[in-house]
Amino acid sequence: MQRLKQLLASLSILAAVASAVGLYAIKLETRVVAAAVARLEAAIAKQEAEMVVLKAELANRTRPDRIAKLARKHLGMKPLSPGQLGQLDKLPWREGVVAEGRQATTSP
């Protein structure tokens, strides 16, 4: 009986030590994972800040007044004048399309 009590006491102490070692290993692993999560969150925040800057730069570069200025300077382009667009009555009409309230005619 005495021997059984000693065996149970030894097993209980061994189980307690094993539990403590396991708990310590889990604690260390949790710290490693938490550090990795913190690094990833910092990287995400940095990428989001860079995206904000890039979106602002894109908005600046695609401003119509800036593009028009560059087109005039480097390509020699000018804004359209109303006469360049032509007149509606000079457009060729397809068969079946109504022009000025009349049925369009086709010439053979």
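We count residues from 1, following the sequence as given.
How far CG of Leu8 is from CD1 of Ile13: 11.5 Å, rounded to the nearest 0.5 Å. Residue Leu14 holds its CG atom at 10.5 Å from CG of Leu7, rounded to the nearest 0.5 Å. For the atom pair CD (Gln2) and NZ (Lys5), the distance works out to 6.5 Å, reported to the nearest 0.5 Å. If you take CG on Leu58 and CG on Leu54, they are separated by 8.5 Å, rounding to the nearest 0.5 Å. In this structure, Glu50 CD and Lys46 NZ are separated by 5.5 Å, a value rounded to the nearest 0.5 Å. Here the CD1 atom belonging to Ile44 is positioned 13.0 Å from the CZ atom belonging to Arg39, to the nearest 0.5 angstrom.
Within a 6.0 Å radius of CD in Glu29, no more than 12 heavy atoms belonging to other residues, nucleotides or ligands are found.
Partners of Arg63 according to the side chain to side chain contact (heavy atoms under 4.5 Å, CB included) rule, which considers only residues two or more places apart in sequence or in another chain, are Asn60, Asp65, Arg66.
Residues Arg72 and Met77 approach most closely at CG-O, 2.9 Å, considering heavy atoms.
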